[in-house]
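In what follows, a single structure is set out as structure tokens and then discussed.
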Amino acid sequence: MSPARRCSRTACSRPAVTTLTYVYADSTAVLGPLAAYIEPHSYDLCAEHSQRLTAPRGWAVLRLAEPDPGPLQPSSDDLEALANAVREAARRPHDRDGADAALLARPRTHLRALPDPDA
């Protein structure tokens, strides 16, 4: 929880713990864990306002449970996956497939074209 993220309700200065979004096509209000980023069409709510949330008649409220944080210590599978990722990243570009090396050499931009895998 970021100290700058406060409840979106007027005159409430409590810290936000959940994010509310609306799915208008399904007439559903979705209340889930605090989003990683502030979105213009979502609302951050404190614990009290999250619990008291009601929806208009005909609408459904979908309350998403927070994901299980899992074990506090990384498992051996996590460490092995990390080691494999580091090994892959450490390979020199000429060790990789030519198309992959060309993609990795380009500067990253917001949008980019990917080669057709069937070509």
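Atoms CH2 and OG1, from Trp59 and Thr28 in turn, are 7.5 Å apart once rounded to the nearest 0.5 Å. Annotation: the span from Ser27 atom OG to Tyr22 atom OH amounts to 12.0 Å, rounded to 0.5 Å. For the atom pair Glu48 CD and Cys7 SG, the distance stands at 8.5 Å (nearest 0.5 Å).
Two residues are said to be in side-chain contact when any heavy atoms from C-beta on lie closer than 4.5 Å; Arg63 and Thr18 fail this criterion. With a 4.5 Å cut-off on side-chain heavy atoms, His49 and Leu31 do not count as touching.
Closest approach of Thr19 to Ala35, counting heavy atoms only: OG1-N, 2.8 Å. Across all non-hydrogen atoms, the minimal contact from Ser50 to Val17 is OG-CG2, 4.4 Å.
Leu20 and Tyr24 fall within a single hydrophobic cluster, where Ile, Leu, Val, Met, Phe, Trp and Tyr are joined by side-chain heavy atoms under 4.5 Å apart, directly or via other members. The same ILVMFWY cluster, assembled from side-chain heavy atoms under 4.5 Å apart, contains both Tyr43 and Val61. One hydrophobic cluster, built from ILVMFWY side chains closer than 4.5 Å, cannot hold both Leu45 and Leu34; they sit in different ones.
Not one N or O on the side chain of Arg9 forms a donor-acceptor pair closer than 3.5 Å with the backbone of Cys46.
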